[in-house]
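Since the model is a prediction, treat every value here as computed from it, not as a measurement. To find a chain, count down the sequence lines: A is the first, B the second, and so on, and within it residues start at 1.
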Amino acid sequence: MTQSTPRARGDLGSGAMSDPVVLLADRFRHALVAAFGPEHAGVDPAIRPSTHADYQANVALGLAKALKRPPRDVASAIVSALDRGDAVAEVEIAGPGFINVTLTSSLLSRELARVAATEGAGLEHAAEPERVVIDYSSPNVAKEMHVGHLRSTVIGDALARVFEALGHTVLRQNHLGDWGTPFGMLLEHLTDGGADANGQSIADLNAFYQAARAKFDADPVFAERARQRVVKLQAGDESTLALWRTLVEASRHHFNALYRLLGVTLTDADIAGESLFNPMLPEVIAELEAKGQCVLDDGAKCVFVPGYVGRDDKPLPLIAQKQDGGYGYATTDLAAIRYRLATLRANRILYVVGAPQTQHLAMIRDAASQAGWLVPPARAEHVAFGSVLGADGKVLRTRAGANVKLVELLEEGVERAAAIVREKNPELTDEERSRIARAVGIGAIKYADLSSDRVKDYVFDWSRMLAFDGNTAPYLQYAYARICSILRRADESAPASAIAVSTPEERALALAVLAFPTVVVDVAASLAPHRLCGYLYALATTFSAFYERCPVLKAATPEERRSRLALSAVTAQVLARGLDLLGIEAPEKM
RNA sequence: GCGCUGGUAGCUCAGUUGGAUAGAGCGUUGGCCUCCGAAGCCAAAGGUCGUGGGUUCGAGUCCCGCCCAGCGCGCCA
């Protein structure tokens with residue numbers, strides 16, 4: 001829906017205190033004011049990682065034009081005004097006006113100690129916590145979950161974890177498809193004795209759904225009964241509701257089992273399905289009418305928002321009430337956004353919904369603004385994502401053309417992981433192996449989903465996601481397990497204050513570790529979990545380089561050994577915390 | 001027709017919101033285990049960033065046109 005407005009790097013406020021970028025940005029902002037006056041207080045110093053130093057400030061180049069001075073002059077004025085304190089070891093002006101900054105080792109040690117001391121690996125709570133509604137997963141009652149639900153569930157859960165880690169109040173909303181016309185045929189089929197739905201597995205209900213559907217399509221008498229049953233359901237007929245509840249109950253068991261297997265934080269308390277909003281629909285329409293937002297068009301009550309036209313070049317409506325008096329999904333979505341703002345008091349609403357619904361959700365957002373429900377600074381954003389594709393480049397399906405069941409997909413992942421773990425590490429007990437296989441198999445699937453830009457489609461490929469090379473969950477888990485192995489053998493533990501950064505590999509690793517909080521804040525602002533993946537992968541490869549060149553247990557001196565042990569430990573802490581934010585487990589052995 | 005989203009190495013993908021020489025993994029080629037987990041590491045080769053203009057000190061990144069692909073566009077959700 002709205003594009004998020006990410007804050008400039010280095011201007012992240014709290015939540016990133018241990019990252020030197022924050023400290024540097026602060027020092028540079030003061031220098032800008034000192035050098036050029038208070039009107040430059042809001043300028044972003046543009047602190048970036050550098051290949052020529054620890055960081056570089058790019059602000060002089062942009063400022064040169066406004067000040068009508070040569071960039072290098074501007075740079076040197078900034079450098080003169082810069083308070084280096086005990087943080088900055090070296091500053092140099094390079095090229096057209098880049099300011100290269102090298103930090104002192106003592107600063108790195110101090111900040112690493114701070115990271116190690118915090119439970120969240122350096123994460124701090126936002127200065128102004130928000131109430132964030134996240135609408136995700138949203139499976140349909142009486143249908144088995146399939147790959148189509150994977151991305152919403154995995155991405156939404158990762159975002160929920162990230163926002164909570166930053167101290168925001170997260171209101172998970174599982175918008176179940178638990179109401180509407182399809183329930184007419186389902187309930188009618190149930191009264192026909194089509195299935196014993198009481199507490200039975202959803203697999204039965206899946207077949208049950210298809211049977212009901214077939215009967216509905218083939219038998220006009222049945223179809224009419226189904227329509228009547230919808231009317232009874234809408235009217236609150238008690239025996240009909242009882243049947244409906246059995247379907248919902250059985251489905252919930254299925255969803256919960258799957259969420260447990262997948263390691264997703266959703267619970268029954270997060271269920272806010274279509275049925276919740278059903279009673280609100282008449283009053284929503286009444287309010288829209290009272291506000292003059294609703295007009296009769298072609299027999300339907302419609303809300304028109306500017307900027308949307310249909311194929312015929314005529315304005316495109318949101319249909320609040322159909323010709324026949326029934327309600328469609330637009331009505332439910334309007335009721336839901338109103339509820340989330342007025343009742344849940346959300347500041348921010350995230351719709352983790354597929355990209356094809358972009359226009360629809362934009363219209364819902366605009367209609368909510370138009371109705372006076374959605375008022376800044378509250379905002380609604382569409383966290384759109386692409387499709388999961390098969391090897392043929394088309395939406396992933398079984399060979400028979402059916403939807404791929406999510407349970408089967410996850411179980412296959414675990415089985416494949418178990419086979420790999422068995423081969424690579426035969427010494428594990430059965431119990432260890434099965435626990436690790438679960439972490440690796442599920443982790444691989446989730447990570448594959450999270451690690452590329454969510455708006456793009458991605459190709460589902462077992463061998464790639466389960467590979468131990470490249471940007472995969474197993475590679476990160478391996479890096480973590482390897483560090484744990486070192487720490488187990490060490491027979492001593494060293495505090496982060498023992499870290500003395502000396503070699504280039506140690507320095508690179510220290511800087512990488514310290515960037516963690518900034519990355520997490522950035523993920524929350526940009527709603528882009530793949531940036532956390534990219535960061536963790538870079539962290540793991542940086543550790544590997546350190547591991548190759550810098551002996552830990554066999555370090556030259558006891559001081560160096562303790563320093564490297566502590567640096568390894570804090571790296572492990574960040575890796576595990578980062579994976580946890582993605583909803584992925586990090587076993588200590590694999 | 002209109003709109004949205006994509007197009008970066010043979011393949012799969014990054015690219016920090018306009019900065020210095022566009023980076024990874026796979027695959028290919030060549031190295032590294034008497035040494036903390038080789039499930040790893042190092043190196044080489046591989047690019048008109050779909051295309052043509054524009055903006056400026058500087059464009060994969062911003063603007064316009066075009067090409068290709070996917071998706072959406074009135075009572076399904």
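Taking atom C1' on both B:G23 and B:C62, the two are 22 Å apart, rounded to the nearest angstrom. Separation of the C1' atoms belonging to B:G58 and B:G19 is 7 Å when rounded to the nearest angstrom. Taking the C1' atom of each, B:G27 and B:U12 are spaced 11 Å apart, rounded to whole Å. Separating the P atom of B:A59 from that of B:G6 is a span of 22 Å, rounded to the nearest Å. Distance noted for atom P between B:C42 and B:A14: 22 Å (whole Å).
Residues A:Leu532 and A:Phe516 are in side-chain contact: their nearest non-hydrogen atoms beyond the backbone lie under 4.5 Å apart. Side-chain contact between A:Tyr458 and A:Ser451 is absent, with no heavy-atom pair separated by less than 4.5 Å.
Taking only distance into account, the side chain of A:Asp453 never meets the base of B:G6 through a donor-acceptor pair shorter than 3.5 Å. The base of B:C75 sits with one of its N or O atoms less than 3.5 Å from a complementary donor or acceptor on the side chain of A:Asp298. Counting distance only, with no hydrogens placed and no angle test, the side-chain atoms of A:Tyr478 and the base atoms of B:A39 include no donor-acceptor pair under 3.5 Å.
Of all nucleotides listed (B:U5, B:C75, B:G40), B:C75 comes nearest to the side chain of A:Lys322. Side-chain proximity of A:Ile319 to the nucleotides B:G40, B:G74, B:G37 is greatest for B:G74. For A:Leu61, the side-chain atoms get nearest to B:G19 when compared with the rest of B:G74, B:G19, B:C75. Distances from the side chain of A:Asn425 to the nucleotides B:C35, B:A39, B:A77 place B:A39 closest. Distances were taken from every side-chain heavy atom of A:Arg489 (C-beta onward) to each of B:G19, B:C75, B:C36; the shortest belongs to B:C36.
Here A:Arg531 lies in heavy-atom contact (under 4.0 Å) with a base. A:Ser485 comes within contact range of at least one nucleobase, with a heavy-atom separation under 4.0 Å. Using a 4.0 Å heavy-atom criterion, one finds that A:Asp333 contacts no nucleic acid atom at all. Here A:Asp469 lies in heavy-atom contact (under 4.0 Å) with sugar-phosphate atoms only. Counting any heavy atom pair closer than 4.0 Å across all strands shown, A:Gln56 reaches a base atom. Base contact: A:Pro317 has a heavy atom under 4.0 Å from a base atom. Nucleic acid contact class of A:Ala94 (heavy atoms, under 4.0 Å, all strands): base. Residue A:Asp313 is classed as having no contact, given no heavy-atom separation below 4.0 Å to the nucleic acid. Nucleic acid contact class of A:Gln359 (heavy atoms, under 4.0 Å, all strands): sugar-phosphate only. Counting any heavy atom pair closer than 4.0 Å across all strands shown, A:Gly97 reaches no nucleic acid atom. Residue contacts for A:Ala300: at a heavy-atom cut-off of 4.0 Å it reaches a base atom on one of the strands shown. Counting non-hydrogen atoms under 4.0 angstrom, A:Gly534 reaches nothing in the nucleic acid. Within the 4.0 angstrom heavy-atom criterion, no nucleotide atom of any strand lies near A:Asp461. A:Cys484 comes within contact range of no nucleotide atom at all, as no heavy-atom separation falls under 4.0 Å.
Side chains of A:Asp54 and A:Thr102: a donor-acceptor N/O pair is absent below 3.5 angstrom, by distance only.
In this structure, CG of A:Asn471 is placed 13 Å from P of B:A24, rounded to the nearest angstrom.
Evaluated for a salt bridge (charged side-chain N to carboxylate O under 4.0 Å, His left out) with A:Glu585, the options A:Arg438, A:Arg435, A:Lys446 yield exactly one hit, A:Arg438.
The phosphate of B:C36 (OP1 or OP2) has no side-chain N or O of A:Arg488 nearer than 4.0 angstrom. Within the 4.0 Å cut-off from OP1 or OP2 of B:G58, not a single side-chain nitrogen or oxygen of A:Lys65 is found. Taking side-chain N and O atoms only, A:His530 has a distance below 4.0 Å to OP1 or OP2 of B:G15.
Aromatic ring centres of A:Phe277 and A:His175: separated by under 6.0 Å.
When both pairing distances are held under 3.5 Å, B:A20 makes no Watson-Crick or G-U pair with any nucleotide shown. In this structure B:C41 sits in a base pair with B:G31, meeting the Watson-Crick or G-U test at under 3.5 Å. Of the nucleotides present, B:G25 is the one that pairs with B:C11 by Watson-Crick or G-U wobble criteria, both distances under 3.5 Å. Base-pair partner of B:G1: B:C73 (Watson-Crick or G-U wobble, both distances under 3.5 Å).
Here the closest heavy-atom approach between residue A:Ser138 and residue A:Asn174 is recorded as N-OD1, 2.8 Å.
Between A:Phe98 and B:G19, no base-stacking contact is recorded for ring centres under 5.5 Å apart and planes less than 30° from parallel. In this structure, A:His52 counts as stacked on the base of B:A20 under the 5.5 Å centre distance and 30° plane angle limits.
Between A:Tyr475 and A:Tyr537, the ring planes are perpendicular. Angles over 60° get that label, and only those under 30° would be called parallel.
Positionally, the nearest nucleotide of RNA chain B for A:Lys424 lies more toward the 5' end than for the other of A:Lys424 and A:Gly299.
The cationic group of A:Arg482 lies under 6.0 Å from the six-membered ring centre of A:Tyr547 and within 45° of the ring axis, placing it in a cation-pi geometry.
By the rule that a glycosidic angle within 90° of 0 means syn, B:C41 does not qualify and counts as anti.
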